[in-house]
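Counting convention: from 1, in listed order, for ligands and their atoms alike.
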Amino acid sequence: MERFKMTGPCNMNLTCVIPDDEKGYELDLFCVPKHYEEDLDRVIIPHGLIMDRTERLARDIVRDMGGHHIVALCVLKGGYKFFADLLDYIKALNQNCDKSVPLTVDFIRLKSYCNDQSTNRVKVIGGDELSTLTGKNVLIVEDIVETGRTMETLLSLLSECNPKMVKVVSLLVKRTPRSSGYRPDYMGFEVPDWFLVGYALDYNEYFRDLSHICILNEKAKVKYKL
Ligand code: IMP
Ligand code: MG
């Protein structure tokens, strides 16, 4: 499988592909919190690699949206780490480049998962009024797209408020037969059909306090099951 894939113009839709036979890294090679040592199989995307890829996504976004005021809309809770780091990189570019984008932030809280299964229902359970996004250039920041249902629901809710432009950046996109075919405008990594945790991705609220993206083991799925 190709490690890098480009399906659109410029760097849009260009993504790092993590193949199905990816072995990742032994936990002992990295620092993981003691309280999770028994729960994880392997490190799949080390924190440093997440940061390096995020830096490049920030550059691509500023290149494409530069000059316009952007409202960055964080999809909570899973998106908060990626959102914070991506915005730091965009801020650094704003401070050091000729082209810069004024940035404001908004938050929405959605829920669709129980244990390691999508529930087929996407619930808005909090956040700012979407009506404030009317006429704005909105950048939705999400942690992972799996079936695409969460993003399609959010995009349809948002379209009712008539924003000027909407782009979506997701750190991860899962290769899965359950996908609706939806692809975000910007993607960090395409990952196999595994349940991943860390870097704010959770299993029933656990593992958000883990820096690397890792595979959960089967024992942990039982241990933290609701
Ligand atoms: P979708 O609606 O099926 O695309 O799922 C998107 C949402 O499900 C994401 O925003 C996550 O909150 C959650 N999700 C999907 N896959 C994973 C995973 O592997 N780990 C943690 N959360 C996940
Ligand atoms: Mg999410």
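- Under a 4.0 angstrom heavy-atom cut-off, D202 registers as being in contact with ligand 1.
- Proximity of G78 to ligand 1 is not established, as no heavy-atom distance is less than 4.0 Å.
- Counting atoms of ligand 1 from 1 in the listed order, those under 4.0 Å from a heavy atom of V145 are 4 (O).
- Taking a cut-off of under 4.0 Å to the non-hydrogen atoms of L201, the atoms of ligand 1 that pass are 20 (N), 21 (C).
- Judged purely by distance below 3.5 Å, without hydrogens or angles, the side chains of Y80 and D143 never pair a donor atom with an acceptor atom.
- At least one heavy atom of K174 sits less than 4.0 Å from an atom of ligand 1.
- Within ligand 1, counting atoms from 1 as listed, the ones closer than 4.0 Å to a heavy atom of W194 are 19 (O).
- The side chain to side chain donor-acceptor pair (under 3.5 Å) search around E37 returns K34, not counting sequence neighbours.
- A side-chain N or O of D85 and one of Y199 form a donor-acceptor pair less than 3.5 Å apart.
- Atoms of ligand 1 lying under 4.0 Å from at least one heavy atom of R149, given by number and element, are 2 (O), 4 (O).
- In this structure, a donor-acceptor pair under 3.5 Å is present between the side chains of S180 and E152.
- Ligand 1 has at least one atom lying under 4.0 Å from a heavy atom of I144.
- D202 and K77 are not joined by a salt bridge, as no carboxylate oxygen comes within less than 4.0 angstrom of a charged side-chain nitrogen.
- Of all atoms in ligand 1, listed by their number and element, those nearer than 4.0 Å to a heavy atom of E142 are 10 (O).
- Looking at E38 and K219, no side-chain N of the basic residue comes within less than 4.0 Å of a carboxylate O on the acidic one, giving no salt bridge.
- Under a 4.0 Å N-O distance rule, the pair K223/E218 does not qualify as a salt bridge.
- Judged purely by atom type and a 3.5 angstrom limit, Y203 uses its side chain to pair as donor or acceptor with the backbone of K221.
- Looking at ligand 1, you'll find an N or O of G148 within less than 3.5 Å of one of its N or O atoms.
- For ligand 1, the polar-atom distance check finds an N/O of L196 within less than 3.5 Å of one of the ligand's N/O atoms.
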